[in-house]
Enquirer: 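First the structure, then my questions, so here it is.
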Amino acid sequence: MSYCRQEGKDRIIFVTKEDHETPSNAELIADDPNDPYEEQGLILPNGEINWNCPCLGGMASGPCGTQFKEAFSCFHYSKEEVKGSECIDNFRNMQECMQRYPELYPQEEDNESSSQAESNTGAPSATSAPNSDSTLADAASESAPSSASTPPTDSQTAS
Amino acid sequence: MLTCKTVWRKLAPLARASSTVCRQNVGRAGLNNVRRPAGSPVAHMSTGPAGGGGDNRLYVLLVGAACLGGGVYAYQTVKGDKQRYQERLSEIASRPNKAAAEQPDTFIQLEAPAVPSTETQEAQISETPVSASAKESSPPAPADEVSAPSETTEPPPETPAAGTAPSPAKIPSHAPYLLIGGGTASFAAARSIRARDPGARVLIVTEESDLPYMRPPLSKELWFSDDPSVTDTLRFKQWNGKERSIYFQPPSFYISPEDLNSIENGGVAVLTGKKVMHMDVRGNKVQLEDSTEISYDKCLIATGGVPRNLQVIERAGEEVMKKTTLFRKIDDFKALDKVSRNLKSITIIGGGFLGSELACALGRRSADSGLEVIQMFPEKGNMGKVLPEYLSNWTTEKVKREGVKILSEALVKNVTHKDDKVEIQLKDGRVVKTDHIVAAVGLEPNVDLAKSAGLEVDSDFGGYRVNAELQARSNIWVAGDAACFYDIRLGRRRVEHHDHAVVSGRLAGENMTGASKPYWHQSMFWSDLGPDVGYEAIGIVDSSLPTVGVFAKATAKDTPKAATEKSGTGIRSESETEAVATSPVATSPAASPTPAPPAQQQKEDYGKGVIFYLRDKVVVGIILWNVFNRMPIARKIIKDGEEHADLNEVAKLFNIHDD
């Protein structure tokens with residue numbers, strides 16, 4: 001059973017699991033998805049890409065930022081049947097750029113980082129465009145990728 | 001002016017005399033010429049000009065010469081006065097530029113054709129100082145300066161420190177985005193600017209010799225590393241085995257400052273080892289220690305702060321100062337690491353975040369090395385200004401268990417150097433003999449540029465006073481530890497935490513690229529005191545506020561170590577700061593049927609829970625005690641700013657019993 005104690009101005013409540021099983025009746029104010037002050041996810045309410053999303057790590061700001069933005073924009077606005085199929089050149093440019101900075105965009109950890117990069121940012125390796133469609137579609141439809149998978153992007157590939 | 005008058009007074013009678021003489025001579029000559037034929041006897045006056053015609057001429061000559069000489073003298077005096085006046089003015093104006101003689105010369109000579117030196121006619125004599133002052137007063141033409149790459153000559157390259165950018169050969173004279181300070185806030189702003197302004201050219205100017213790095217590991221993870229070369233590599237293995245460097249980015253991320261204005265897609269350049277001494281807000285430019293000037297379009301001040309010291313230590317003399325560490329930078333970490341391996345006893349003065357974290361880190365070392373670690377502070381317990389008393393006491397016990405000798409309610413009266421040891425005398429009579437002191441007694445925000453820039457400094461919190469959008473003046477923003485800003489929800493404050501530096505730096509970067517957003521996304525902070533105690537917090541967490549704590553008993557799964565392992569992230573800092581604040585609450589009913597661990601405690605164990613800090617019945621701060629990955633909920637509650645009748649109900653939102 002829970003009990004309560006008061007120490008001066010501080011109140012201490014100990015609760016058991018059962019005490020907290022009933023749903024909370026605390027009221028929270030509904031969030032406005034279009035609130036301009038709020039931090040936005042990867043895709044802004046108007047459909048544009050939020051390049052400043054923390055989920056992108058530093059991908060849009062590094063030396064290959066321009067190539068990355070071009071490639072991902074092309075993909076995002078692509079209306080082709082195979083989404084992004086016309087963007088191969090952009091992605092190739094991006095890949096070439098990234099290869100010039102192996103320290104920033106490590107190539108050995110290709111599987112790990114690129115797969116996570118795919119799920120977050122939609123940057124497929126040049127060859128696997130069809131496979132990555134589903135992951136990219138998922139990424140695009142979510143307003144923000146899961147927080148757990150984002151940091152590795154930052155720590156390893158980053159910028 | 002006076003000389004003119006006196007000169008005229010001297011000359012006047014002479015002039016009058018000479019003019020009457022002239023007139024008389026002319027008249028006489030005319031009379032003589034006209035009247036002679038008449039033959040009337042004209043008496044020669046004895047008082048007339050003596051000697052006749054020849055003498056007259058001589059006299060006229062002398063008088064004329066005197067007049068001329070006087071006139072010339074007067075003219076030269078007046079001219080000389082004016083010149084001296086101008087020189088004096090320019091000398092006063094050029095006093096701030098006294099430091100270097102060569103640089104402005106080369107710089108200004110290139111600029112001289114562009115800058116009209118209209119002040120004086122004696123351009124020759126007073127060219128250098130006057131054109132400097134003329135340059136300051138005339139509005140700069142950044143466009144001209146960009147197109148004419150007038151680079152200044154550089155001081156000899158500094159010795160590059162390990163793992164830092166190569167020393168720049170040239171400093172750009174203009175940077176569209178100038179960030180003063182090379183810490184977390186500055187880097188976050190640079191990233192934000194680059195993301196939003198395609199091809200942006202960002203110049204970071206830092207007095208440190210290191211590229212931007214994150215500070216929290218310096219007092220936490222780096223100490224737990226098994227790698228003996230950690231002080232060189234500055235890499236650390238996180239709980240989950242992933243390794244990373246404390247530097248935000250490796251050197252290849254940055255471009256060289258001299259390429260800043262020419263490289264195709266722009267980039268971020270870092271100028272290390274350069275201190276900005278003077279800021280000219282009207283002229284939109286700054287001046288470095290070596291008198292180089294850099295003009296900007298938008299500027300961010302992210303100068304952070306300098307660790308405070310105790311007056312008693314400063315007064316104690318050279319010997320004590322040599323054995324004292326003020327901990328903030330990479331060099332301080334390296335020094336303290338060395339000290340901790342070689343000495344027998346270290347005392348930490350200060351019971352806040354930094355002091356407690358260092359105490360725990362050193363305490364863990366003491367287990368292997370026999371190092372004595374003492375921590376002393378004026379409060380009753382560790383984190384006494386942050387945690388409510390019961391929790392502070394509990395935490396202090398935990399810190400003691402890490403091997404730290406705690407002296408609470410300790411006020412330092414005197415520090416002396418005796419027998420090659422440092423002796424600390426406390427006001428209550430206790431004496432501590434130790435080999436080395438670490439002073440962790442707060443941070444003094446760096447507002448050195450306030451005077452020259454004419455920026456307001458806050459008297460309550462310190463730091464530059466900025467508005468809710470982090471703006472100080474039209475093209476000047478301030479972020480990080482140095483910014484005293486207006487928080488729409490919580491009021492005016494100044495925050496010295498890592499995540500705040502990231503959030504405010506990012507916001508400043510957004511506003512520098514036209515966003516006009518106020519500080520809204522509440523930053524959080526965290527602290528780990530050993531592997532068993534860790535907490536995350538958000539908002540105003542001040543122990544003087546009334547609190548309500550809701551606790552459950554902690555299981556083995558509720559530790560910082562477990563939290564990072566589970567979320568698969570390296571450091572908790574990453575999982576919080578890199579995550580986006582999405583719609584926060586998924587109140588999944590607590591359905592997991594794991595049996596509650598047996599209640600074995602006789603005394604209360606504050607294993608895990610949530611503590612609410614209240615101001616006028618509204619929650620303004622929340623601590624998540626050994627409860628992780630629930631920051632979005634806490635953020636939402638603070639954002640709402642509602643009065644909740646029963647905080648236990650609010651606590652339910654956190655599912656503290658769940659893993």
Side-chain angles (χ1 to χ4, degrees), chain A residues 2 5 7-29 31 33 35-42 51-58 60-63 65-66 69 101-104 143-156 158-159, chain B residues 190-192 194-196 198-199 242 244 248-250 252-253 255 265 267-268 388-390 506 509-510 517-518 520-521 546-552 567-570 574-575 577-583 585 587 589-590 596 604 636-637 640 642 644 646 648-653 655-657:
Chain A
S2 63
R5 216 175 75 225
E7 274 194 23
K9 59 171 175 64
D10 304 315
R11 197 152 148 248
I12 311 168
I13 306 171
F14 282 91
V15 288
T16 63
K17 206 165 157 61
E18 292 71 39
D19 293 328
H20 267 199
E21 259 171 4
T22 54
S24 170
N25 63 12
E27 283 171 19
L28 296 173
I29 300 174
D31 273 335
D35 188 349
Y37 289 179
E38 283 293 338
E39 299 245 317
Q40 302 292 343
L42 181 61
W51 297 116
N52 208 11
C53 177
C55 59
L56 290 177
S61 55
T66 319
K69 282 187 196 173
Y101 299 94
E103 225 184 354
L104 296 172
S143 62
S146 62
S147 57
S149 57
T150 57
T153 317
D154 183 50
S155 65
Q156 274 148 28
S159 39
Chain B
R191 188 182 270 194
S192 190
R194 286 278 300 160
R196 289 173 50 89
K242 278 196 204 152
R244 74 159 286 169
F248 287 112
Q249 295 292 347
S252 50
F253 173 86
I255 62 174
N265 291 321
V268 181
E389 198 175 321
Y390 63 91
R506 194 160 73 219
E510 286 179 327
K517 279 165 61 173
W520 190 244
H521 175 89
T547 67
V548 174
V550 181
F551 292 92
S567 65
T569 64
E574 284 184 350
S575 64
T577 60
E578 294 303 318
V580 175
T582 55
S583 62
V585 184
T587 48
E604 279 125 5
K636 169 70 177 155
I637 293 169
D640 283 352
E642 296 279 287
H644 292 278
D646 185 0
N648 188 23
E649 294 294 322
V650 181
K652 280 188 190 172
L653 298 170
N655 294 316
I656 57 178
H657 298 275

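Throughout, a chain's letter reflects where its sequence line sits, starting with A, and its residues are numbered from 1.
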Enquirer: Between the side chain of A/His20 and the main-chain N/O of B/Asn655, is any donor-acceptor distance below 3.5 Å?
Expert: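 No: the side chain of A/His20 does not pair with the backbone of B/Asn655.
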Enquirer: Might you point out which heavy atoms bring B/Glu649 and A/Pro23 nearest each other, and give the distance in Å?
Expert: OE1-O, 4.1 Å
Enquirer: I'd like to know which of B/Pro388, B/Pro518, B/Pro198, B/Ala651 tops the heavy-atom pair count under 4.5 Å against chain A.
Expert: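 Among B/Pro388, B/Pro518, B/Pro198, B/Ala651, the one with the most close pairs to chain A is B/Pro518.
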Enquirer: Determine, step by step, whether B/Asn648 and A/Asp19 satisfy the side chain to side chain contact (heavy atoms under 4.5 Å, CB included) criterion, reporting the C-alpha distance in whole Å, the side-chain angles of both residues, the deciding distance to 0.1 Å, and the verdict.
Expert: CA-CA 10 Å; B/Asn648 188 23; A/Asp19 293 328; 5.6 Å; no
Enquirer: State, to 0.1 Å, how close A/Glu38 and B/Trp520 come at their nearest heavy-atom pair, and which atoms those are.
Expert: OE2-NE1, 3.0 Å
Enquirer: Report the distance from atom CD of A/Glu7 to atom CD of B/Glu389, rounding to the nearest 0.5 Å.
Expert: 7.0 Å
Enquirer: Working to the nearest 0.5 angstrom, can you tell me the gap between A/Leu56 CG and B/Arg191 CZ?
Expert: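 The distance works out to 9.5 Å.
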Enquirer: Measure across A/Ile29 and B/Asp640 and return the closest heavy-atom pair with its distance rounded to 0.1 Å.
Expert: N-OD2, 3.0 Å
Enquirer: What's the shortest heavy-atom distance between A/Ser61 and B/Ala195, and which atoms?
Expert: CB-N, 4.3 Å
Enquirer: Evaluate the side chain to side chain contact (heavy atoms under 4.5 Å, CB included) criterion for residues B/His657 and A/Val15: first the C-alpha distance (whole Å), next the side-chain angles of each, then the deciding distance (0.1 Å), finally the verdict.
Expert: CA-CA 9 Å; B/His657 298 275; A/Val15 288; 3.7 Å; yes
Enquirer: Measure the spacing between CG of A/Asn25 and NZ of B/Lys652 and express it to the nearest 0.5 Å.
Expert: 6.5 Å
Enquirer: What are the two closest non-hydrogen atoms of B/Arg196 and A/Asn52, and how far apart are they?
Expert: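 Looking at all heavy atoms of both residues, the closest pair is CD-ND2, 3.9 Å.
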Enquirer: Within the 4.5 Å heavy-atom criterion, are B/Ile255 and A/Pro63 side-chain neighbours or not?
Expert: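 Result no, sub-4.5 Å side-chain heavy-atom pair not found.
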Enquirer: Determine the option with the most heavy-atom pairs under 4.5 angstrom with chain B, choosing from A/Asp10, A/Asp35, A/Thr66, A/Thr22.
Expert: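 Looking at each option in turn, the highest pair count goes to A/Asp10.
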